[in-house]
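What follows is a short report on a single structure.
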Amino acid sequence: MKKRCLVVTGGGDCPGLNAVIRAIVKRASQENDWEIVGSIDGFNGVLKDPRELRVLSNRTVAGIHVRGGTIIGTTNKGGPFAWPQQDKDGNWIEIDRSKEMLEILKEENISTVINIGGDGSQTISQNLYEMGLNIVGVPKTIDNDLSATDFAFGFQTAVEVATDAVDKLVTTAESHHRIIILEVMGRAAGWIALYSSIAGGAEVCLIPEIPYDIKKVKEKVEERTEDRRGFANIVIAEGAYPKHGSVVGQEVDEIGYHNFKLGGAGIRLKQELGDAGAQADIRVTILGHLQRGGIPCAFDRILATQFGVKAFEMVIEGKFGEMVAYKNNDIKSVPIKDAINTYNLVNVHSNLVHTARGVGISFGDLKPIMEYAT
Ligand code: F6P
């Protein structure tokens, strides 16, 4: 009987997930004694009745590396430790079904798991590993906010989408002599905003790592718009906030889903600029989930393929409780427990920030560039 390895995609989707799945299946097919099984919608496929488990063959995964999303689906709600269920009075509660899940995996003859997901999913991996499950993690995030890996797949694609948006907004801002604000994703990290500001040539880049002073933002855009023929493009990360202020978003506290959902930083900025007396016409674009969908760029396909091959080889080698990582241009493995809850934020003294300042991009603090020298 073949050994069976379960593949799970959890949390928000991200371009490159399918390339990882394909690489795992293709690599496993070169070993005669392995079968790869996909769980539909995260671990829900194992826990649902009837179960939703699909054997993945080379034929199933043919050509999927170019497709966004994940062919096995994902979820950022619930999970084995917080499964939503109605109690006898009809109230929704969360129950821990992790032990039951391990029993189901045994029953299905599944001895190993590859869990592809971000920080939340890898916390689940670590907890299951501590319960005795043979599990390997694969990091994914468009936010680039995991410090255990120099890059995760999905980020470069998100940067391409955001840069394309800046390019398009520059031409319309120029035609109408407007200030256009683009809000991008990234949670507490400003990577997508920083990369797309440099690549697209924005005038202002606002990131969570540098709380902004609205007067400085106004000064910068007015430098560009005072002759009424100018224009300015601002990229703001969803997690950016003013000095002495806080992030904009909404606390979501639903059964199986507890999160602070960021959103609205761009609209607030428009309001703040208006209140500060900015005269130009201001428009706001929220890029949203476009950053997460569609075709992964070549870099992300390649990185995802490297991650998939490595993850399956870690399964063969028995490197459980470890996560694949891209470090110093090499593919390595790191303990999952060291990888979770350690975030990669923009270093405000880095060369990238220095470069942005060097081409005149304002972070809403407008100090002379040399004050920021490392
Ligand atoms: O972590 C990826 C991400 O896209 C963040 O950039 C964003 O804040 C969040 O997920 C959006 O989540 P949801 O898909 O639940 O709206």
Side-chain angles (χ1 to χ4, degrees), residues 162 165-166 169-170 172-249 260 262-287 345-374:
V166 178
L169 294 174
V170 164
T172 174
E174 182 173 20
S175 307
H176 285 270
H177 319 295
R178 281 177 171 155
I179 297 170
I180 298 200
I181 299 169
L182 173 68
E183 179 181 316
V184 297
M185 284 182 166
R187 296 205 301 181
W191 293 110
I192 300 175
L194 178 58
Y195 271 63
S196 58
S197 291
I198 297 174
E203 280 67 42
V204 179
C205 170
L206 303 178
I207 58 176
E209 294 85 347
I210 307 177
Y212 61 87
D213 177 343
I214 192 63
K215 289 201 204 94
K216 303 290 185 188
V217 179
K218 179 175 168 269
E219 260 170 59
K220 177 69 186 180
V221 293
E222 286 188 341
E223 252 175 42
R224 303 258 318 170
T225 54
E226 62 197 353
D227 67 356
R228 312 207 62 77
R229 304 278 326 145
F231 67 98
N233 285 84
I234 302 177
V235 180
I236 183 166
E238 61 181 1
Y241 56 94
K243 276 182 182 162
H244 317 298
S246 54
V247 293
V248 200
F260 188 83
L262 291 165
I267 290 171
R268 174 176 65 185
L269 180 65
K270 174 182 176 184
Q271 180 76 42
E272 288 172 330
L273 279 168
D275 293 348
Q279 294 298 308
D281 253 4
I282 307 175
R283 297 287 187 272
V284 182
T285 297
I286 301 169
L287 198 50
L345 301 181
V346 172
N347 174 354
V348 300
H349 302 294
S350 62
N351 180 269
L352 214 49
V353 172
H354 181 78
T355 298
R357 292 191 194 281
V359 292
I361 295 175
S362 165
F363 289 90
D365 52 354
L366 273 192
K367 289 187 193 166
I369 185 168
M370 290 322 289
E371 280 188 32
Y372 298 94
T374 48

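All figures in this text were calculated on a predicted structure; none of them were measured in a lab.
- Identified under the side-chain hydrogen bond (donor to acceptor under 3.5 Å, both in side chains) test for residues 194-209, with sequence neighbours left out: E203-R224.
- Contacts of A280 classified as side-chain contact (heavy atoms from CB on, under 4.5 Å), with partners at least two apart in sequence or in another chain: I179, T225.
- When the side-chain contact (heavy atoms from CB on, under 4.5 Å) test is applied to E272, the partners found at least two apart in sequence or on another chain are Y212, I214, P242, R268, L269.
- Counting heavy atoms from C-beta on, the side chains of L262 and V247 come closer than 4.5 Å.
- Residues P208 and G239 come closest through the heavy atom pair CB-O, 3.4 Å.
- The only member of I210, T355, V235, V353 that meets side chain to side chain contact (heavy atoms under 4.5 Å, CB included) when paired with L194 is V353.
- Looking at every heavy atom in both residues, A265 comes nearest to A240 through CB-O, 4.1 Å.
- Side-chain atoms of E238 come within 3.5 Å of backbone N or O of R187 as a donor-acceptor pair.
- Within the 4.5 Å cutoff, the side chain of F363 has heavy atoms near those of the R357 side chain.
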### Task
For side chain to side chain contact (heavy atoms under 4.5 Å, CB included), just list the numbers for L182 and N233, CA-CA rounded to whole Å, side-chain angles, deciding distance to a tenth of an Å, and then say yes or no.
CA-CA 8 Å; L182 173 68; N233 285 84; over 6 Å; no

### Query
Going through the checks in order, is the side chain to side chain contact (heavy atoms under 4.5 Å, CB included) test met by L273 and I234?
CA-CA 12 Å; L273 279 168; I234 302 177; 4.0 Å; yes

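- Considering all non-hydrogen atoms of both residues, V217 and G364 come closest at CG2-CA, 3.8 Å.
- Counting heavy atoms from C-beta on, the side chains of K216 and D365 never come closer than 4.5 Å.
- Between E219 atom CD and E223 atom CD the span is 8.0 Å, to the nearest 0.5 Å.
- Here R283 contributes atom CZ and K270 contributes atom NZ; the two are 6.0 Å apart, rounded to the nearest 0.5 Å.
- Here CD1 of I282 is found 9.5 Å from CD of Q271. Values are rounded to the nearest 0.5 Å.
- No side-chain heavy atom of L352 sits under 4.5 Å from any side-chain heavy atom of V346.
- Taking 4.5 Å as the limit, some side-chain heavy atom of I286 sits within range of a side-chain heavy atom of I267.
- Listed here is the closest heavy atom pair of C205 and I361: CB-CG2, 3.7 Å.
- Here the side chains of V248 and Y241 are not in contact, with every heavy-atom distance at 4.5 Å or above.
- Between S362 and K220, the shortest heavy-atom distance links the atoms CB-CG, 3.6 Å.
- The two atoms that bring V184 and A162 nearest to each other are CG1-CB, 4.1 Å, heavy atoms only.
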#### Entry: Test side chain to side chain contact (heavy atoms under 4.5 Å, CB included) applied to R178 and D281, step by step
CA-CA 5 Å; R178 281 177 171 155; D281 253 4; 3.5 Å; yes

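- Within the 4.5 Å cutoff, side-chain heavy atoms of F231 are placed close to those of V170.
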